[in-house]
Amino acid sequence: MTRMSRKWAWASTAVLSASLVVSGCGGSNEGNSEASGSASGASNGKAVELTMAFLNFGNMNDVQTVQDEINKIASAKINATVKLMPIDVSAWTQQTNLLLAGNEKLDLLVTSSFFNYSSQVAKNQLIPLDDLLEQYAPGIKETMSEEIYNGTKIDGKIYGVPSVRDTAADYGMVMRKDLVDKHGIDLSKVKSFEDLEPVFQTIKDNEPGIVPLVQNSNTQTVASQLYNQFIDPLGDSLGALLLDGGDLKVVNLFETQEYKDALAIARKWYQAGYIMQDAATTQETGNSLVKAGKALGYLSNMKPGFEQQESKNDGHEMVAVRLTKAVTQSNGANGFMMSIPRNSENPERAMQFMNLLYTDADIVNLLDNGVEGKHYVKNEDGTIKVPDGAGDTGYLFNQWMVGNNALAYVWEGTDKDIWAQIKTFNDTSVISKALGFAFDANPVKTEVAAATNVLNQYRIGLESGTLDPSTLDEFNGKLKAAGLDKIIAEKQKQLDAWAAANAK
Amino acid sequence: MKTNQMNQTIVHILLILLSAACLFPFLLLFMASFTDEQAIVQHGYSFWPSEFSVDAYSYLWNQASTMARSYGITVLITIIGTVVGLLISALLAYPLSRKDMPIRGLLAFLVFFTLLFNGGLVPTYLVYTELFNMKNTLLALIVPGLLTNGFFVLLIRSFFSTSIPVPIIESAYIDGATEFKIFYRIVLPLSLPILATIGLMLTISYWNDWFNGLIYITEPSLYSIQNLLNRMLSNIQFLQQNSLGGNSSQAAATIPMNSVRMAMAVIGIVPILCIYPFFQKYFVKGLTIGAVKG
Amino acid sequence: MSDAFKKLKRYRALFLMILPGMAYLIVNNYLPMLGVVIAFKDIDYSHRGLFGLIYYSDWIGLKNFEYLFKTNDALVITRNTLLYNGGFILLNTTVAIGLAILLNEVRNRLASRFYQSLILLPYLISMVIVGYLVLSLLNVENGFVNKVVLPMFGVDPISWYSEAKYWPYILTIVNLWKNIGYFCIIYLASIIGIDHEYYEAATIDGASKWQQIRSITIPLIAPTITVMTLLAIGRIFYSDFGLFYQVPLNSGPLQPTTDVIDTYVYRGLMTLGDIGMSSAAGFYQALVGFILVLVSNYIVSRRDRDSALF
């Protein structure tokens, strides 16, 4: 690199980091990834190392190998290397709190409305990305719908870029196919949740030892799967929005008719013996109960290809009935994003790497699936599978979290055009009017802490049918005593301000 | 004599029952690790597995390299931490035990005060990561546990001041021995019981420590065995109890089975059980004098 | 040469010995204590680093403490913390002393060692593993108690993890099980230290075993009991986080009886990510503990100067 260009790079970096506002100097603005990648690479005089923190659930022992491969590409394209920092989900809140409080090196961070996104913004922990996106990653916009792309804004500015994933969900029931076939159950006749009752009855009568319905986790309660199609929980469910309501009015979810109806059904099923009797307290996931032959299936939020995914998880072939339309809730976009924290010393290079996560298929494949030949092998039809004889491959990444997953190879057993299906699914879903709203709990943190405690105490019991719905009044009473009304008022205030800022 | 015999029998019976109660959950854990996964979900935990299986252990064997590295890290931090911690504690305790030491009261109070007051997690974290840059280093697993607070120092001090005769020290000093020589040649050899006791306590706390790993370590290659265990259990719990939108079931698929968790726990316990008998000889003796007065 | 300087020279080696330990305590314990001011500030993260956080953030008085006192939970968690810890102090002490006396009665030394080993076993393992153990016993659908023990008595399975009323007993038992070995051995050590002549004299006088225990053993180990109890009182507002978090598996319905200050604060930190709040709680716990120790130490020292901590 010539002396001249290095100087130029230094200057532009200085200007950028000083103001973060730069007119169109340097990189070209073509949507084409190749072009923008190499163009910005030309101005990257000094090699930098970026640190990227993301959620980890499983085995990431081979992260170093994957990182080395990614860095070969990243060095060539943007003259940067990346250090991957997987953080266990259980340690996530604590770790990110500590990381952001300190001066530690951190350039890219997975953020989420499930993990205090709005309070991170309120506390100045993340930087606004609009100018950087314009400058270094114009291609990202094209990888997702406009609503989703803009669905992370706070005060009109983007602080995170959503991953390309199933941002909508529909709801229904997944069941063991062998049992459905054995009893000649015609699933085409099941059009609503009530239609499941004869199915449950058949299993209950004829398959001793098998419970018709279990819950997949303590949060995917029976009732929640019934009312989710009507309700946007606005994050923590403390103050929610009715999806078909015309206005942006925050209501108490636990006093809505939809909620009461869902509880009544759950209770009816529980008393009829359709729901596992210790559903509220079990320490087993629905997956492992089905796997162990103790359950027919569970209600779940779904997406295209869900049956195939669950068949893998449950050890039985599964079939699904979809009983609701697809909905995109307020966290459709900000559920999982990539942000640049204030810790970053090289925000512009971080943005260039982010650009690669959305536009460079090789990097996405490495990150999502690992190294070819070691963690996966390609089939003739272009899908991939675990190499023969490899039990646990030492690299399991959760694809929905980061980047443009649509660029990754599809695993064997999943439709090849799954991403086209998901795109249609997302695009045709009912979108919550509050899409993109993220509640900042800080102004009412005392109340939220208290109300969350009440939720923990009652919710799962009620929503799994274990507790009689008559307990609902007591539940609401305690929520009010904990300050629910104050939370709802604050949420309404923030929602109104948000709507005004985003011209809704 | 007859009643005394009777008493002994009652004493033994009582103690056998109590010991059994202490041992019993361990047996259950041990058997569960050898039980077939389906059998656990179907029939529950029991003392005699309805179906024996070593699947859990072969699953862990497949990850032998990860396990071996974690073991290595645990062993390393335990050894270094115990030795250094013991040395620093004894060095600090000895002058405090000397009645002729100037400003002894003030120094002892400074040690004692750490028992009652601490700055909290975040400030401690910032001191270690920012002033000393210890994030993701082995030092972060060792240093925060060295003294933790002054309790051990005070125990050792009591032992020194009650069981080491002052005349020996004085005559050695008059004979021209340096303070370090006295400490090394006279005080330490006379204090083996308390050193062994504190040594065992430090060993246990290093071996069982998962908290420092949780806070200071994000690099999987630096996980200790307890961190592996803890993350497994707490990740499962997290996924059960928290909503991540539609995505949790995908994550749930990576959760290891019941029997594997039990096998991991067994692997975590066994070494500490193996070294314990070697320390036990001194254990009671060390506490005898040490604990009389904190 | 001045006196002070002479002294310093005479004791320089001893000061040298103290140096590493004191330096360590300053870094590990005293430096972070500066951080208590976080409890009184509204943390602004645009200035990072320990000193940046502390220096630039605004004072907000006692606002961070509000959530500890304002809600209905405050009463519950304070009550639980105090009752549990009070109960633990009482129970651990009495049971441990009883057990120590029993062990001291065993004449076969090998057997005594053997019992000690087994009783100390639970103390050696981490709370993470204790959580596993309790789950394998109490798991609703496949736990040992519901599958084996209750059917033997013809009792229906119990949903342990959703019935709050059982947990005060469960947690007390688990705590006793885990820590009894440690306390027992501390008291056993004290008892062994008692001069045998006392007992011999008492036996000659015809004192029964019970009388000997009451008028020799207990009074002579009283200093140890005082010290252990004072230390425990100092930490009465803290609870064993592992016990209250790992063992009930953070189960919601159990909260009325299992939630203590530490777990409440931790959950607050997880949902809100607010270090101001957790610093406030930490400060509150430390302060109350400190005052309690000063007060009880004062009372003890009025009665018996030698038993007091300082």
Side-chain angles (χ1 to χ4, degrees), chain B residues 8 11 14-15 18-19 22-23 25 28-29 32 40-41 44-46 88 91-92 94-95 98 101-102 107 111-112 114 116-120 122-124 126-127 130 144 146-147 178-180 204 208 210 226 229-230 233 237 241 261 265 268-269 272 276 280 283-284 287-288 291-294, chain C residues 7 11 13-14 17-18 20-21 24-25 27-29 31-36 49-50 102 105-107 115 117-119 121-122 124-126 128-129 131-133 136-137 142-144 147-148 177 185-186 188-190 192-193 223-224 227 231 234 249-250 275 279 282 286 289-290 293 309-310:
Chain B
Q8 279 293 305
V11 165
L14 273 174
L15 285 171
L18 284 166
S19 309
C22 287
L23 191 64
L28 198 61
L29 177 81
I40 293 184
V41 181
Y45 297 92
S46 66
I88 294 181
L91 278 171
L92 180 55
Y94 174 60
R98 289 267 300 259
M101 177 75 186
L107 292 171
V111 175
F112 176 70
T114 61
L116 297 174
F117 226 83
N118 65 66
V122 175
T124 312
L126 291 177
V127 166
E130 299 205 339
L146 285 176
L147 297 188
T178 64
E179 293 284 5
F180 277 101
I204 293 169
N208 285 339
W210 48 273
Q226 296 293 340
L229 262 176
N230 178 55
L233 194 71
Q237 220 172 299
Q241 294 173 347
R261 292 181 235 161
I269 299 175
I272 204 93
Y276 170 58
Q280 207 214 348
F283 203 72
V284 174
L287 285 167
T288 313
V292 168
K293 194 172 174 199
Chain C
K7 253 194 164 165
Y11 290 102
L14 290 184
M17 288 182 189
I18 281 183
Y24 178 85
L25 287 181
V27 169
N28 184 66
N29 299 70
L31 208 51
M33 280 185 207
L34 295 176
V36 296
L50 179 56
L102 265 188
E105 290 297 308
V106 174
R107 259 180 267 130
Y115 296 139
S117 302
L118 288 184
I119 291 168
L121 208 56
L124 304 180
I125 59 168
S126 71
V128 180
I129 293 175
Y132 279 60
L133 289 177
S136 68
L137 288 173
N142 52 18
F144 185 74
K147 277 276 177 181
V148 180
W177 177 80
I185 283 181
I186 284 184
L188 177 62
S190 286
I192 292 175
T224 311
V227 170
L231 285 174
L249 299 169
N250 196 20
I275 63 170
S279 299
F290 190 58
V293 164
L309 273 174
F310 45 85

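Below, read A as the first sequence line, B as the second, and so on, with proteins coming before strands; counting in each chain starts at 1. Just so you know, these numbers use all the heavy atoms, side chains as well, and skip hydrogens, waters and symmetry mates.
- Here the CD1 atom belonging to Ile269(B) is positioned 8.0 Å from the CG atom belonging to Leu121(C), to the nearest 0.5 angstrom.
- Taking each heavy atom of Leu146(B) and Tyr24(C) in turn, the nearest pair found is N-OH, 3.4 Å.
- At a 4.5 Å heavy-atom cutoff, the contact between Ile119(C) and chain B is made by backbone and side-chain atoms alike.
- Using a 4.5 Å cut-off between heavy atoms, Leu133(C) touches chain B through its side chain atoms alone.
- Counting heavy-atom pairs closer than 4.5 Å to chain B, the top-ranked of the candidates Leu137(C), Val27(C), Ile125(C) is Ile125(C).
- Proximity to chain B is limited to the side chain of Tyr11(C), based on heavy atoms less than 4.5 angstrom apart.
- Side-chain contact between Leu147(B) and Asn28(C): absent, with no pair of heavy atoms (C-beta onward) separated by less than 4.5 Å.
- Here CG of Leu118(C) is found 10.5 Å from CG of Leu15(B). Values are rounded to the nearest 0.5 Å.
- Rounding to the nearest 0.5 Å gives a distance of 9.0 Å between OG1 of Thr124(B) and CE of Met33(C).
- Summarising the geometry, atom CD1 belonging to Ile204(B) is positioned 4.5 Å from atom CG belonging to Leu124(C); distances are rounded to the nearest 0.5 Å.
- For chain C, the nearby part of Leu14(B) is the side chain; its heavy atoms alone come within less than 4.5 Å.
- Using a 4.5 Å cut-off between heavy atoms, Ser117(C) contacts chain B through both its backbone and its side chain.
- Contacts of Phe144(C) classified as ring pair (Phe, Tyr, Trp, His ring centres under 6.0 Å), with partners at least two apart in sequence or in another chain: Phe24(B), Phe47(B).
- Residue contact with chain C, scored on non-hydrogen atoms closer than 4.5 Å, involves the backbone and the side chain of Ala265(B) alike.
- In this structure, the side-chain contact (heavy atoms from CB on, under 4.5 Å) partners of Pro122(C), at least two apart in sequence or on a different chain, are Cys22(B), Phe26(B), Trp177(C).
- In terms of heavy atoms, Met17(C) sits closest to Glu179(B) at CE-O, 3.6 Å.
- Across all non-hydrogen atoms, the minimal contact from Leu14(C) to Pro95(B) is O-CG, 3.5 Å.
- For a residue to count as touching a neighbouring chain, one of its non-hydrogen atoms must lie under 4.5 Å from one of that chain's; by this rule Phe180(B) touches chain C with backbone and side chain alike.
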